[in-house]
Amino acid sequence: METKVEVKYTFVQKDGDLQKIIPELESEPIIALDTEGSDLDPYKARLLLLQIAVKDKTYVIDCTKVDISPLKNLLEGERPLKIAQNSKFDYELLRVKANIKLGNLFDTMLAERILTCGVSREISLKTLAAKYLNMQIDKTIRDTFSDLSNPALRGNFSKGQLDYAARDVQVLLEIFSKQYKQLKDDELIETAKLEFAVVPVVSEMELYGSLIDKEKWSEHIKELKIKRDQINKEIQDQIRHLSPYSQVDLFGNVSDTVNLDSPIQLLEIFKKLGENLENTAESTLQKSTHELAKKLLEYRGYEKMITAFGQTILDKINPITGRLHPDFIQIGADTGRFACNNPNLQQIPADSGFRSCFVAKKGYKLITADYSQIELRIMAEVSEDNAFLEAFEKDLDLHSLTASQMFRVPLEKVDKDKRFQAKSINFGLMYGRGPASLANQIGLSVEESRKLLDVYFSSYKKVKRWLDVVGRQAVRYGSVRTLGGRKRVFIIPERNHPDYDKLISSIERQGKNTPIQGTSADITKHALVYIHRELEKRNLDAHLIHTVHDEIVVEARDDSTSEVMKIIEHKMIEAGEKLLKRVPVKVDIHISDCWEKG
DNA sequence: GGGCCGAGCCAC
DNA sequence: AAACGTGGCTCGGCCC
């Protein structure tokens, strides 16, 4: 039997009625809020409802009839605390439709992510209601708000819609109080405060978006397509006689029916050429001596560029703003890093013609800043290794220094090859990399690379000790923390698990990497908050548009660029020094008409 | 025709 | 024989 719970709320449909409830809301230390819009895109959407819940009352405000600007101070101010699920959505909708900038937020979705990093990604309101309130909620009516033929858009909401809207906001207060207790018990309040402070920054960043030079972008795609078609033709001509897929049409045209993107078809062709390949992975093809393999890799390079970064990205330009508004997922990775999609601006090829198509609008410049070797500096900080620390204190080239110690040669005798090998080890260690995988990259035997690692660790004893200890701790305690206090939990397998050893070593590697990668994320997030606040305080026409892990991009008006540059550098260093006490923090920064490496 | 998954490959 | 951390996107291929 299903029990029906009557949803109680006040439906506010007149400006005068809103005025009556404001004093009451102002006296509350905590409120929950939610909004309903007609579209996920805040620029396209209509703001339909604003729901506010306090201890024992719920208000559903009809935004198609009521002017909500009297709530501006309440919603923007420090008091009351505002509880919301996925507050970025509400922030953006209220910002665009009512010029309200939500302040002092507690986001139940982010809180849940913080509490369960590593064990779960279930953070929907439905999940939270079930987990904390043992309540089953139905979200299907949500879709009716976006239905254009729906009477709601003419200002008539159904009882079902209003009940739904009220229920969604009512559940938040209790979820909040349970999550808050858990955050305190797990010593995650600092992390939560940071994440909640990031919400307005990310929201503004998404809303501002970034500009693409469409003509230049299309031109670049065109060039890539010509190259791809050329190499495709060469391959097809070469293998046509082997293909069981080729077809000749009525006019005698032979179609290119070997699908170069299909591993199954390719393996068959290779078989006929006398090569039995395991798979068509990049590493396998690199080992093949056949010309087809070489050409295939070349083809794939172009194909990847065209499909992943070609027209699809242009299609995502917002018709209203003419800019790209990607979705930044604030806690995308279990380490605390951002993820990004629609489109993923964090994977635009670094050394291609695409990045330079991201431009500043007329009269503005792009300022690109990134932390110099932040992860290695974090490793120096946490390991307290003297050689590492000294290298950064003296601002030496760590990779060359490492090479000089490993190969027992003076610094000036370190060549490119030795530096590359040292660099591979320095980076590899942060990923928990072993001799076998290292050997593969630097072209040595496993035995040779094992010896190299031994020499390495004899120079950096404390690095080895730290890696060993933190790897063991991850398994023993089932969690690790970053310097910011962020926590990642690991599910430790039972002893009799068939893949026990494999799983354990994977956890060890994650345990080594997470404090490094996650601390870097902590630092970048602090920097975003500091920069945003300072730019706002000084009322500068400069806006964060982008972040890629250790990099921050700002679009700034021409006349403010030198001031903005100083702010960015200063605030990034301040953020770094908040968590790194033993190592200096360095930022590389430059100004340009487009997004590019300095 | 949508959902899911692995392969392959882009980023840091 | 392999044993590299964190993501997202596109494709082929399979399932319902």
Side-chain angles (χ1 to χ4, degrees), chain A residues 117-118 121 259-267 278-286 296-297 299-313 315-316 326-352 354-355 370-376 378-379 424-442 446 449-450 453 467 470-471 474 480 482 488 499 501-521 524 546-552 595 597:
Chain A
C117 257
R121 281 174 177 267
N259 184 347
L260 300 188
D261 301 326
S262 167
I264 295 172
Q265 296 188 20
L266 286 174
L267 288 176
E278 278 290 310
N279 52 47
T280 61
E282 192 177 17
S283 56
T284 310
L285 292 181
Q286 274 163 357
L296 209 48
L297 287 171
Y299 167 83
R300 272 191 191 161
Y302 292 126
E303 182 64 11
K304 172 70 185 178
M305 292 293 160
I306 295 159
T307 54
F309 308 108
Q311 186 61 35
T312 46
I313 286 185
D315 292 342
K316 287 180 172 137
D327 190 7
F328 285 98
I329 305 152
Q330 204 175 302
I331 309 178
D334 290 338
T335 55
R337 262 196 190 176
F338 275 100
C340 179
N341 60 29
N342 292 313
N344 183 358
L345 290 196
Q346 298 188 322
Q347 59 171 167
I348 302 296
D351 301 315
S352 75
F354 286 118
R355 260 193 204 200
D370 66 293
Y371 283 108
S372 162
Q373 301 196 323
I374 191 68
E375 295 200 334
L376 288 169
I378 293 166
M379 187 135 97
S424 299
I425 296 186
N426 278 333
F427 281 121
L429 289 176
M430 295 187 295
Y431 307 144
R433 208 169 172 179
S437 115
L438 209 58
N440 203 28
Q441 186 187 353
I442 56 185
V446 178
S449 89
R450 190 188 305 280
L453 271 177
L467 288 167
V470 76
V480 291
T482 66
R488 180 179 182 181
D499 294 322
D501 290 340
K502 218 174 164 178
L503 291 168
I504 290 295
S505 38
S506 170
I507 290 170
E508 283 172 351
R509 287 194 299 274
Q510 291 173 332
K512 292 169 189 179
N513 180 255
T514 297
I516 297 171
Q517 193 185 113
T519 299
S520 167
T524 299
H546 199 19
T547 176
V548 193
H549 310 311
D550 61 356
E551 177 181 346
I552 290 171
W595 181 29
K597 283 275 168 213

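Chain A is the first sequence line, chain B the second, and so forth, proteins listed ahead of strands; every chain is numbered from 1.
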Q: Taking atom C1' of dC12(B) as reference, at what distance in whole Å does atom CH2 of Trp595(A) sit?
A: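 Distance check: Trp595(A) CH2 to dC12(B) C1' gives 11 Å.
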
Q: Please state how far atom CZ in Phe328(A) lies from atom P in dA11(B), giving the value in whole angstrom units.
A: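 Rounded to the whole Å, the gap is 17 Å.
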
Q: Rounded to the nearest 0.5 Å, how far apart are CZ of Phe309(A) and CG of Leu345(A)?
A: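 It comes to 10.0 Å.
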
Q: When you check the phosphate oxygens OP1 and OP2 of dC12(B), does a side-chain N or O of Arg355(A) lie under 4.0 Å from one of them?
A: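 Answer yes for this pair, as a side-chain N or O of Arg355(A) is under 4.0 Å from OP1 or OP2.
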
Q: Near Lys502(A) NZ, under 6.0 Å, is it more than 12 heavy atoms from other residues, nucleotides or ligands?
A: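 Open.
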
Q: Calculate the interatomic distance between Ile507(A) atom CD1 and dA3(C) atom C1'; express it in whole Å.
A: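 Whole-Å distance recorded here is 15 Å.
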
Q: Hey, could you give me the OG1/CD1 distance between Thr482(A) and Ile378(A), rounded to the nearest 0.5 Å?
A: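 One finds 9.0 Å between OG1 of Thr482(A) and CD1 of Ile378(A).
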
Q: At under 4.0 Å between heavy atoms, which parts of nucleotides 4-9 of chain C does protein reach? Answer with one letter per nucleotide, 5' to 3': B base, S sugar-phosphate only, - none.
A: BBBBBB

Q: For residues Met379(A) and Leu429(A), determine if any side-chain heavy atom of one lies less than 4.5 Å from a side-chain heavy atom of the other.
A: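 They are in contact (side-chain heavy atoms under 4.5 Å apart), so the answer is yes.
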
Q: Report the residues that fulfil side chain to side chain contact (heavy atoms under 4.5 Å, CB included) with Thr547(A), sequence neighbours left out, ordered by chain and then residue number.
A: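 Listed in chain order: Met205(A), Phe328(A), Phe338(A), Thr524(A), Leu528(A), Ile552(A).
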
Q: In whole Å, what is the span from the CD atom of Gln311(A) to the P atom of dT10(C)?
A: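 Gln311(A) atom CD is separated from dT10(C) atom P by 12 Å.
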
Q: In this structure, how many angstroms lie between the C1' atom of dC9(B) and the CD1 atom of Ile348(A), rounded?
A: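 Distance, rounded to whole Å: 14 Å.
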
Q: Which value, in whole Å, describes the distance between the C1' atoms of nucleotides dC4(C) and dC9(B)?
A: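 My reading of the C1' atoms in dC4(C) and dC9(B) gives 15 Å.
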
Q: Using whole Å, what does the distance between atom P of nucleotide dA11(B) and atom NE2 of His546(A) come to?
A: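 The answer, rounded to whole Å, is 12 Å.
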
Q: Asp550(A): which residues meet the salt bridge (charged side-chain N to carboxylate O under 4.0 Å, His left out) condition with it, sequence neighbours left out?
A: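 Checked Asp550(A) against salt bridge (charged side-chain N to carboxylate O under 4.0 Å, His left out); zero matches.
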
Q: Roughly, in whole Å, what's the span from OH in Tyr299(A) to P in dT10(C)?
A: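 Those two atoms, OH and P, are 15 Å apart.
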
